[in-house]
Each structure stands twice: as C-alpha cells, then as structure tokens.
Amino acid sequence: MGFKIATWNINSLKVRLPQVLDWLAQSQPNLLALQETKLIDADFPALDIANAGYQSVFAGQKTYNGVAILSQLPPNDIVTDLPGMNDPQRRVLGATIGNLRVLNLYIPNGQSVGSDKYIYKLAWLENLLSWLETELANHPRLVLLGDFNIAPEDRDVHDPVAWAGHVLCSAPERAAFQRLLGLGLRDAFRLFPQEAHSFSWWDYRAAAFRRNLGLRIDHILASPALAVDCIACWVDKAPRRLERPSDHAPVIAEFNTSDS
DNA sequence: ATGGTGGCGCGGCCA
C-alpha cells in the first residue's frame, strides 16, 4: 500500500473548514499540510478534525499566516521556527510522522521586488536553506511542502512576459528554489508528465480562475530517498471551483511504501 | 479602468 500527502493554502481555516473536511473525506490523504489558517491555537478546530480521523498539530496566529499538519499517524519532534530566526510570524511547522520528516512552509509572499517584505523573504529563504542542510542530514526521508510563493520556471506562469522579474518570479527567488533542488530535493510535480498551463493559485480578481490565469507556487519537494518512491503528483482543481473557495488548490503526491 | 476580489474586522493591511 502507498500513501498520499497533500498541501493546501486554505486562506482562513474558519471559513474553509467545511471544504477541508469534505476534501479529506473524498481524497483520504494520509497527511495534509495547511497554510494561512489565520487562527490562534485556542481556536483551532482540532475536535472536528479528530472526528474526521486526523490528528492535528498547528502553529497559529491572529489574522495572518498560521500553519497546521493533519495526519492519520501521530506527529512527533515538532518544530515551529527556522533556527536563528526570532520571528513572530507562524510560517513553519516540522514534524516526524511515521518514518517521514515533514516540513510544512508558508514562505513569505514578498509583496513587490525591493520592498521590505521582499528583503525579509530572501533572508527567510537563506535561513531555510541553512536549516535544510541539517534536516536532510538527520532525516533521509524528508518532504518539504507548502505555499512557496515562488513560480520556479516560466512554464509555471500563465503570462511569463507580464510576470518577468516580478515578485514570485524574480531571479533571486528562483535561484533560491534551484538551491533547494541543489540539496537533492526533487519537485514531485515535475517527476511526471503534466499538462501545459498547470497552476496551483489563481487570483480572486479578474475571473482569473475561469480564464486559467494562474501560477504554480505550491510545491511538494521530496528528498532523494523519498523521491524514488513517488508515483504521482497532481493539482486538484475541484475545490477551487466551489462557492467561496480558497485562491489556492490542493497539491497531492502519492508514494509507494518503501520496503527498507 | 493604474483597476480588480477576498479575509479579517471595522480602517487598512495583506495576498
């Protein structure tokens, strides 16, 4: 038997909880990483999620950010910060689940190239890269997943000319993504043939989803020892079609269970 | 059209 892991920026878990519960029931992932929960921990709907068969671990804050991992097996060795960053923003959640090290990330958006938030994003990525060297050394079977707020290549962008050099597509952001791949991580989505114009996020404005004007910024990266077991990866666009959707769709990766 | 929509929370920030 294999297993499925997923990531979904749900842009408020309070609003989207019914959609998350429906999606869990239909898709039956072994693990779902959420970003932008926008809930303090005291308000996290752990009971509703437990009734759906999933344990929860979460690092929340009011109004902005917030990450959570829902899993069928218990999470251990939980981490909620990048080492060396004293950051009140809740964007990181690491846990060991079964024989898998899971790092759920809500990478900063960056707002616009050159802004303070963009500088923060690049510094954040530097800290992430340093941390990952240690994490990968300690955990051969590691998955890094979440909202990266980076479209790695032009084929991940509906209009690469219009987006050229802009935030989410700029050269320093893409270089940071390539350095993640340089650590041996594999972009699960690109391990397989995919339809052209495959995206994971569409702006709420200008009927972007209907016109498929999107970006692929939500990713599942697998360490070498895990990537060899990956058998599929896809975007599930169905939740983006619902009434009052998140602006992101879930991304799912499926793996064969390793013998070793 | 230098805009547009959505969440939070009630004015303005963030995406």
Side-chain angles (χ1 to χ4, degrees), chain A residues 7-23 32-45 48-49 58-68 85 87-93 104-125 128 145-152 156-170 172-174 176-177 199-219 235 237-251:
Chain A
T7 178
W8 191 6
N9 179 322
I10 35 84
N11 185 20
S12 169
L13 184 54
K14 180 183 277 187
V15 172
R16 236 67 71 186
L17 179 62
Q19 293 184 20
V20 170
L21 295 176
D22 285 349
W23 192 80
L32 172 60
L34 298 174
Q35 304 86 37
E36 286 205 87
T37 58
K38 299 186 175 179
L39 287 175
I40 59 170
D41 291 348
D43 292 337
F44 194 89
D48 294 302
I49 289 164
F58 37 86
Q61 73 180 85
K62 202 159 104 88
T63 309
Y64 303 118
N65 309 313
V67 284
M85 276 198 94
D87 188 352
Q89 301 189 37
R90 302 293 78 199
R91 298 180 173 278
V92 174
L93 191 56
N104 176 19
L105 303 179
Y106 178 43
I107 293 180
N109 173 282
Q111 194 167 57
S112 60
V113 172
S115 67
D116 288 349
K117 292 188 175 65
Y118 182 80
I119 304 300
Y120 164 74
K121 180 180 194 172
L122 295 184
W124 201 99
L125 287 164
L128 172 67
L145 78 174
D147 179 357
F148 284 59
N149 272 313
I150 300 172
D156 301 311
V157 181
H158 69 90
D159 187 343
V161 174
W163 278 86
H166 286 84
V167 74
L168 313 187
C169 301
S170 74
E173 295 166 82
R174 286 181 167 177
F177 190 90
F199 309 123
S200 66
W201 169 83
W202 301 260
D203 200 301
Y204 284 121
R205 295 167 285 191
F209 181 68
R210 182 178 58 74
R211 301 157 68 198
N212 198 30
L213 307 182
L215 304 179
R216 191 176 71 93
I217 56 175
D218 300 271
H219 305 298
V235 178
K237 290 172 74 171
R240 188 63 178 80
R241 300 188 185 99
L242 298 173
E243 292 276 335
R244 227 181 162 191
S246 169
D247 45 352
H248 296 251
V251 181

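Order of the sequence lines sets the chain letters (A, B, ...), proteins ahead of strands, with each chain counted from 1.
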Q: Take atom P in B/dA1 and the same atom in B/dG11, then report the distance between them in whole Å.
A: 33 Å
Q: C1' atom, B/dC14 versus B/dG9: distance in rounded Å?
A: 13 Å
Q: Quick check: do A/Leu242 and A/Asp22 have side-chain heavy atoms less than 4.5 Å from each other?
A: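 They are not in side-chain contact.
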Q: With heavy atoms of chain A within less than 4.0 Å as the criterion, where does contact along DNA chain B begin and end?
A: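 So the contact region on DNA chain B extends B/dG4 to B/dA15.
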Q: When the nearest nucleotide of DNA chain B is assigned to A/Arg244 and to A/Trp201 on a heavy-atom basis, which residue is associated with the more 5' position?
A: A/Arg244
Q: Taking any heavy-atom pair under 4.0 Å as a contact, classify A/Tyr106: base, sugar-phosphate, or nothing.
A: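 The answer is sugar-phosphate, as A/Tyr106 gets under 4.0 Å only of primed atoms, P, OP1 or OP2.
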Q: If the condition is ring-ring contact (aromatic ring centres under 6.0 Å, His included), which residues does A/Tyr118 pass it with, not counting sequence neighbours?
A: none
Q: With rounding to the nearest 0.5 Å, note down the distance linking CG in A/Asn212 to CZ in A/Phe199.
A: 5.0 Å
Q: Mapping A/Thr37 and A/Asn149 to their closest nucleotides on DNA chain B, which lands nearer the 5' end?
A: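 Its nucleotide being nearer the 5' end, the pick is A/Thr37.
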Q: If I take atom CG from residue A/Asn104 and atom CG from residue A/Leu32, how far apart are they, to the nearest 0.5 angstrom?
A: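 Between atom CG of A/Asn104 and atom CG of A/Leu32 there are 8.5 Å.
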Q: Closer than 3.5 angstrom, by distance alone: can the side chain of A/Ser200 be matched with the main-chain N or O of A/Ile217 as a donor-acceptor pair?
A: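 Confirmed, A/Ser200 side chain pairs with A/Ile217 backbone.
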Q: Considering only heavy atoms from C-beta outward, does the side chain of A/Arg90 approach that of A/Tyr106 to under 4.5 Å?
A: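 A/Arg90 does not reach A/Tyr106 side chain to side chain.
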